[in-house]
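Below is one structure, written out as structure tokens; the observations come after it.
These numbers come from the heavy atoms of this one structure, side chains and all, not from hydrogens, waters or symmetry mates.
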2 protein chains.
Amino acid sequence: MDKVEIPRKAIYRLSIYSRCLRRLSEKGIETVSSSALASAAGVKPAQLRKDLGYFGQFGTRGLGYPVEVLLTAFREVLGRAALQPVILVGAGNLGRALLRYEGFLKEGFEVLAAFDKSPESIDTTRVPVPLHSDDELANFIKKHRVRMAILCVPAEFGQEVTNTLVEAGVQGILNFSPTILQTPDHVVVTRVDLAMELENLSFFIDQ
Amino acid sequence: MDKVEIPRKAIYRLSIYSRCLRRLSEKGIETVSSSALASAAGVKPAQLRKDLGYFGQFGTRGLGYPVEVLLTAFREVLGRAALQPVILVGAGNLGRALLRYEGFLKEGFEVLAAFDKSPESIDTTRVPVPLHSDDELANFIKKHRVRMAILCVPAEFGQEVTNTLVEAGVQGILNFSPTILQTPDHVVVTRVDLAMELENLSFFIDQ
DNA sequence: TGGTGTGAAGTGGTTCACAGCA
DNA sequence: TGCTGTGAACCACTTCACACCA
């Protein structure tokens with residue numbers, strides 16, 4: 001019955017809704033209409049309703065959605081997130097920054113460890129996780145059953161490190177290296193290319 | 001004649017192609033086929049050809065595309081990027097990291113200055129740009145005709161700061177604050193939400 | 001022959017519009 | 001009455017398939 005494939009983008013938006021709901025919940029708001037939540041999330045009301053429809057029926061006609069019920073349902077869907085151990089590879093400027101970034105923690109993620117080609121030459125002040133050598137990567141992943149990795153190595157090492165990660169069992173990679181990774185189908189890669197985002201933005205600027 | 005609207009995604013991919021081409025160029029490769037370039041960029045050959053088609057005819061049938069010609073053409077389209085002055089607002093962990101990140105420079109961007117609510121309390125070691133108070137934001141933007149900004153303030157200040165930016169003339173915002181910004185239509189916002197990317201990835205992990 | 005350029009067909013996702021229920 | 005739930009219409013982008021040309 002349930003075999004309507006859920007669009008990736010809908011799943012992606014779930015995280016946005018989730019965050020908006022948390023804010024509503026903090027304010028003590030108990031019910032929210034599709035139009036209110038949609039505008040907070042920056043989408044159209046119909047889109048929101050359709051997205052929710054993929055996961056069940058949560059609303060009351062004429063009233064709206066109960067905030068807590070939605071939150072619980074979303075946690076069910078995205079909930080495994082918090083449980084996933086994550087590692088970070090490449091402790092350069094960007095890598096170290098991400099390690100220090102409280103944003104991950106705030107959303108319930110814990111970075112277990114970081115890896116670098118030459119860990120001894122790295123300034124680890126205020127880096128709150130152990131830093132190992134790349135050599136230990138495969139063993140660590142297998143031992144701790146790591147399935148997700150944040151990749152911040154220079155572009156030229158991206159593919160090589162990725163092969164190691166995938167080989168050892170990683171299934172999801174958040175790739176900050178400015179390169180396109182070749183991976184098997186069962187591995188999901190999300191690319192975040194900061195310079196490219198800027199370059200792209202500039203296209204839309206007048207004059 | 002030329003009034004076929006170019007899809008946003010096509011423009012976005014231009015940056016990817018551009019980077020792949022630069023790498024080919026460095027290797028001294030002079031011509032490339034659509035299938036070779038496409039696979040390097042992680043897209044289908046037909047997609048690449050269609051994308052190029054939006055901007056002109058660059059290829060030779062039976063041969064492929066001249067690398068340098070494509071590069072020049074792309075620079076024409078995306079070229080203004082390098083000339084755009086950029087500022088960064090919010091010098092927390094993430095903000096400072098981005099300031100130190102060489103990736104922007106490498107792609108030709110120069111961050112003019114950074115701003116923070118309380119600049120005096122911030123560790124500016126190895127931050128290579130002047131750090132000002134938020135109070136000076138509007139004046140600075142107007143004076144230097146800044147059109148692009150990188151936003152790294154905490155979520156709760158995102159909208160407030162954005163209003164200031166837009167009011168002062170900013171037209172493109174790269175938003176790292178985990179919040180949805182309301183902006184007029186002429187302002188383009190690209191959101192990069194690191195925790196959300198992780199959360200989303202975890203959805204696709206087995207077991 | 002080999003690879004581009006492109007109309008036409010296909011696909012996935014968004015938006016509409018309205019039936020249905022508190 | 002007000003707002004959800006959802007099939008149907010729509011739209012944007014992707015992929016196909018083949019004419020065309022060095």
For nucleotides 18-21 of chain D, list the nitrogen or oxygen atoms of the protein found under 3.5 Å from its nitrogen or oxygen atoms, one pair per line.
residue, atom, partner, partner atom, Å
D:dC20, O2, B:R61, NH1, 2.9

Look at all strands and tell whether A:G53 reaches a base, only sugar-phosphate, or nothing, counting heavy atoms closer than 4.0 Å.
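Nothing, no heavy atom under 4.0 Å.
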Which residue pairs satisfy the salt bridge (charged side-chain N to carboxylate O under 4.0 Å, His left out) criterion with at least one member in residues 172-196 of chain A, sequence neighbours excluded?
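As it turns out, the salt bridge (charged side-chain N to carboxylate O under 4.0 Å, His left out) pairs with a partner in residues 172-196 of chain A, which skip direct neighbours, are A:R191-A:D193, A:D193-B:R19.
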Whole Å only: how far is the [atom1] atom of [X] from the [atom2] atom of [N]?
X: A:L70; N: D:dT4; atom1: CG; atom2: P; value: 10 Å
X: B:L52; N: C:dT4; atom1: CG; atom2: C1'; value: 10 Å
X: A:L48; N: D:dT6; atom1: CG; atom2: P; value: 14 Å
X: B:D51; N: C:dT4; atom1: CG; atom2: C1'; value: 14 Å
X: A:L37; N: D:dC3; atom1: CG; atom2: C1'; value: 14 Å
X: B:L63; N: C:dG5; atom1: CG; atom2: C1'; value: 15 Å
X: A:I11; N: C:dG13; atom1: CD1; atom2: P; value: 10 Å
X: A:I6; N: D:dT6; atom1: CD1; atom2: P; value: 14 Å

Distance below 4.0 Å between [X] side-chain N/O and [N] OP1 or OP2:
X: A:Q57; N: C:dC21; answer: no
X: B:K44; N: D:dT15; answer: yes
X: B:S34; N: C:dG3; answer: no
X: A:S33; N: D:dC3; answer: no
X: B:Y65; N: C:dG5; answer: yes

For A:K50 and for A:T60, find the nucleotide of DNA chain C with the closest heavy atom, then tell me which residue's nucleotide is more 5'.
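Going by which nucleotide is closer to the 5' end, it is A:K50.
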Which word best sums up how the rings of B:H132 and B:F115 line up, parallel for under 30°, tilted for 30 to 60°, or perpendicular for over 60°?
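Geometry flag for B:F115 against B:H132: tilted rings.
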Anything under 30° is parallel, anything over 60° is perpendicular, the rest tilted; go ahead and classify B:F74 against B:Y17.
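Taking B:Y17 first and then B:F74, their aromatic rings sit tilted (interplane angle of 30° to 60°).
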Any salt bridge between B:R13 and B:D51, counting N to O under 4.0 Å?
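Yes.
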Side chain of A:K9 (C-beta onward), nearest among C:dG13, C:dA8, C:dT15:
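Given the options C:dG13, C:dA8, C:dT15, the side chain of A:K9 is closest to C:dG13.
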Do any N or O atoms from the side chain of A:S25 and from the backbone of A:L21 form a donor-acceptor pair under 3.5 angstrom?
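No: the side chain of A:S25 does not pair with the backbone of A:L21.
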More than 12 heavy atoms of other groups within 6.0 Å of A:E30 CD:
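Open: at most 12 neighbouring heavy atoms sit under 6.0 Å from CD of A:E30.
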Face-on cation placement of A:R8 at B:F204 ring, 6.0 Å and 45° thresholds:
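Ring-cation test returns yes.
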